[in-house]
Each structure stands twice: as structure tokens, then as C-alpha cells.
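Working notes for the structure below.
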Number of protein chains: 2
Amino acid sequence: MNVTRNHAETPRLPPVQVKISPTEKFREFLEAKGQRLTHERRIVVEEVYSSHEHFDSEQLINRLANRKDSNRVSRSTVYRTLSLLEEAGMLRKVARQNDRDVYEHDYGYPRHDHMICEKCGDLIEFPNDQIAELLERITREYGFRRTGHRLEVYGICRSCSRPPKSRIRKLDMI
Amino acid sequence: MNVTRNHAETPRLPPVQVKISPTEKFREFLEAKGQRLTHERRIVVEEVYSSHEHFDSEQLINRLANRKDSNRVSRSTVYRTLSLLEEAGMLRKVARQNDRDVYEHDYGYPRHDHMICEKCGDLIEFPNDQIAELLERITREYGFRRTGHRLEVYGICRSCSRPPKSRIRKLDMI
DNA sequence: CTAAGTGCAAATGTTTTGCAGAATC
DNA sequence: GATTCTGCAAAACATTTGCACTTAG
């Protein structure tokens, strides 16, 4: 199961234009709560936003704990900062794999949902405007004031359902 | 947060006609795997299917551990049986609340998804044929062979977003 | 009879927390 | 200088597992 790998067939969604950097946005959030943008928090945010890959707490902790000198951040602080980022609306949980929540950016990136391949574990993103629209219609009937959603589609991805031929090629490359 | 409460506004979906009882279906599944329908497993299935409420492992364990004499089932066995029921396609996880998976029947009941009220924690069911159809169309474009999905819609339910009137009454009662 | 299952207690793995010292504003 | 944070070690969780005993088929 690989959380971060990306499919050749999966085009990257185009980035969304944002006014301020993630770090700045986080600082604003913290300030409003009377909390501080510490050295450690800044490092976590920068690491989290250094790429758009999905990640779980363990992966992030490892990346941050193995750093040199003043750039390492402890396990507890990573957990604490992840909660803050979620509260700030900058991160969201999109799935659960291996008993861990999988996070992704919820800032500077278009809204989308995920297909999850049951064979290779890959998360494949797809834009969700049509779904959001449909949900808006449905929930209105129930008097439900919708604020968001989470959708995971299960199945088998394109490359995992290919004929054996490509599987052989993959083996050759090892 | 209440997992099991049901809204007055939420009509129960009509049951689906099934050929055999949950217990029988489970027995067939087990037999095919060369496993046994033990007394304990039978008790768990009967308890699980005694009502259509959503539940989590802790709630089920409590109900089963507090029984008299030969009808009690241990914590481990409940967990083990829940996994089997999921594998048998009779139960599915529909949400996660308080660090626990929330289960519901996936047998003898129409396919649906859930709205989750962020105020009272209620799970409200709604039929999902339109969504399934839309997903079928979308995933086909990606060459993704869809086998299922999980959708949680977040927001505020009808009764939690009612005008202050009821809130005042509530305060008066304190 | 014998393979499979149960209950218990101990282990596991993730996440949270209390606290003393450090850093921020 | 007071308040907020950090890192550590310990605690708190839900869930899984090893094992001796029991049971279904």
C-alpha cells in the first residue's frame, strides 16, 4: 500500500491562486486565538506544504524527526500542530490507511475527492464540482445545511486492472 | 454526540426483501471458508441484527458482555466476529466517531449514504442511487473499476438549525 | 477425534497528556 | 516577565495476539 505514489494516468489538478502563503495563513489563525507561530510550527507547516502528496502522521514525524540540529520537531509537537492545521481549515483527513489518518492540503488546492485502489492502495484525485452540486440539491430536501463532505470511491485502478503484460514489464524493472 | 438517535424528520428507509436470515447468510459465508458458526458468533449476529441502529464496537461489547450466563461474549470474540461480518459483506464502516469505527448493516437494507450533524452528532441516512450513478460516470473516465464508496456529508441538521425559539425554551428548562 | 474458536491477560500501535525547562511576544 | 510551547516519558486508548482450555462438526 502506497499512499504517496502517483499514477501516470492521473493528471495533477492545477493549483489554485491563493493570496497568502500557508505559513502566513497559519500565523493569522494562531494570532486570532492568541497563540504563537513558533519555530517548530513554522517547520511543520513548511514541510507539510513542500509538496502536495498525501501523508500520514508517521511519515511526517519521520521526516521531521530525522532532521539536523535546530530543525527537528518532536512527535508530540507534530501531532499538536496537525490538529491546529486541521482546525485552521488548512488540512483535512481524506482516508484512513494502516490505522492512521491520511491528510491532504485543504488550502491552495482545488476541491476534489478520491478513488482508492484496493490493490495498490493508491489515492487518485478527481474534481468534485458535480458531486458537490448534487449533494447540495439532496441535502436541501432534508433541511440539512451542508458545510462539507468526504467521499472515498473504492475499486481497482486502471493500471491494476491491466492485462498481465504490463505486470511483466513492471517485474523486469526491479 | 449520539450515534444511534434518530430524527423525527428522518424517515426510515424501507427494508429490502432478503432470501435468508443474517444468521443463515453468515453460516454460508463461514462454511465456504471452512469455519464454524459457534454459539458466540450466532449471539453476535443476532444482537447486531436485532435493530438497524448504527453502533460502534464498544457499544456492542457492552451489550454482549453484560448478558447473563451462557449468552455473554468476550471482547476479543466481538472484535473477531465484527471483522468476519465485514468480510462477509454484511456490515460496513460508515463513519468514525470518538476514535471508533461506526458500523451499519450492509444486508437486507437499501444502499444509502449519510449526513452527519456537527452539532448533535446524528447520522441521517439518504438513498444514494443518484450519487452511485454519477460516480459510475466519473470513474469510468479514469478507467477505474468501481466496487463501492463511502460518503459522509457534514453540516447542521434541520432541528439543530431551528430558530432561537426552541433554544430559549431549552435554556428555560435548565 | 481434531481443527477451529473462546476468553483471558498481556502486547501492540497510535495518539494524548503532565510536567519541567525553554521560547515567544 | 508572564504566558504559551516544547520534548520527554508515561498514560490512555482501541484493537490484536499468544496461549491453555473448550467446542463444533
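Quick note on labels: first sequence line is chain A, next is B, and so on, each numbered from 1.
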I'd like a list of close polar pairs between nucleotides 16-21 of chain C and the protein, N/O only, cut-off under 3.5 Å.
unit_1, atom_1, unit_2, atom_2, d
C:dT17, O4, A:Ser76, OG, 3.3

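- Between A:Arg41 atom CZ and C:dA23 atom C1' there is a gap of 12 Å when expressed in whole angstrom units.
- Checking C:dT15, D:dT15, D:dT6 against every side-chain atom of A:Arg100, the shortest atom distance belongs to C:dT15.
- Remark: side-chain polar atoms of A:Asn128 are not paired, donor with acceptor, to backbone N or O of A:Ile131 under 3.5 angstrom.
- Looking at B:Arg100, its side chain never comes within 3.5 Å of a backbone N or O of B:Glu58 through a donor-acceptor pair.
- Checked by distance alone, A:Arg36 brings a side-chain donor or acceptor within 3.5 Å of a matching partner on the base of D:dT4.
- Ring centroid separation for the pair B:Tyr154 and A:His149 does not come in under the 6.0 Å cut-off.
- Atom CZ of B:Arg72 and atom P of D:dT22 are 16 Å apart (whole Å).
- When distances are taken from the side chain of B:Thr38 to each of D:dC5, D:dA24, D:dT15, the shortest belongs to D:dA24.
- Distance A:Leu60 CG to C:dT14 C1': 15 Å, rounded to the nearest Å.
- In this structure, a donor-acceptor pair under 3.5 Å is absent between the side chains of B:His114 and B:Glu152.
- One can place CD of B:Glu40 at 9 Å from C1' of D:dT23, the figure rounded to the nearest angstrom.
- The separation between A:Gln35 atom CD and D:dT3 atom C1' is 11 Å, rounded to whole Å.
- Here the side chains of B:Arg158 and A:Phe144 are not in contact, with every heavy-atom distance at 4.5 Å or above.
- One axis for each end of the helix from C:dC1-D:dG25 to C:dC25-D:dG1, each built from five base pairs, and the angle between them comes to 40° at 10° resolution.
- Proximity of the aromatic rings of B:His112 and B:Tyr109 is defined here by a centroid distance below 6.0 angstrom, and this criterion is met.
- As rounded to whole Å, 14 Å separates atom C1' of C:dA4 from atom CD of B:Glu31.
- D:dT15 atom C1' lies 10 Å from atom OH of B:Tyr103, rounded to whole Å.
- Taking the six-membered ring where the residue is Trp, the centroids of A:Tyr49 and A:His105 are separated by under 6.0 Å.
- Judged purely by atom type and a 3.5 angstrom limit, A:Ser161 uses its side chain to pair as donor or acceptor with the backbone of A:Cys157.
- OP1 or OP2 of C:dG7 has at least one side-chain nitrogen or oxygen of B:Thr77 nearer than 4.0 Å.
- Dense packing is recorded around CG of A:Asn71, with more than 12 heavy atoms of other residues, nucleotides or ligands lying under 6.0 Å away.
- We find that CG of A:Leu82 is positioned 14 Å from P of C:dT14, with the value rounded to whole Å.
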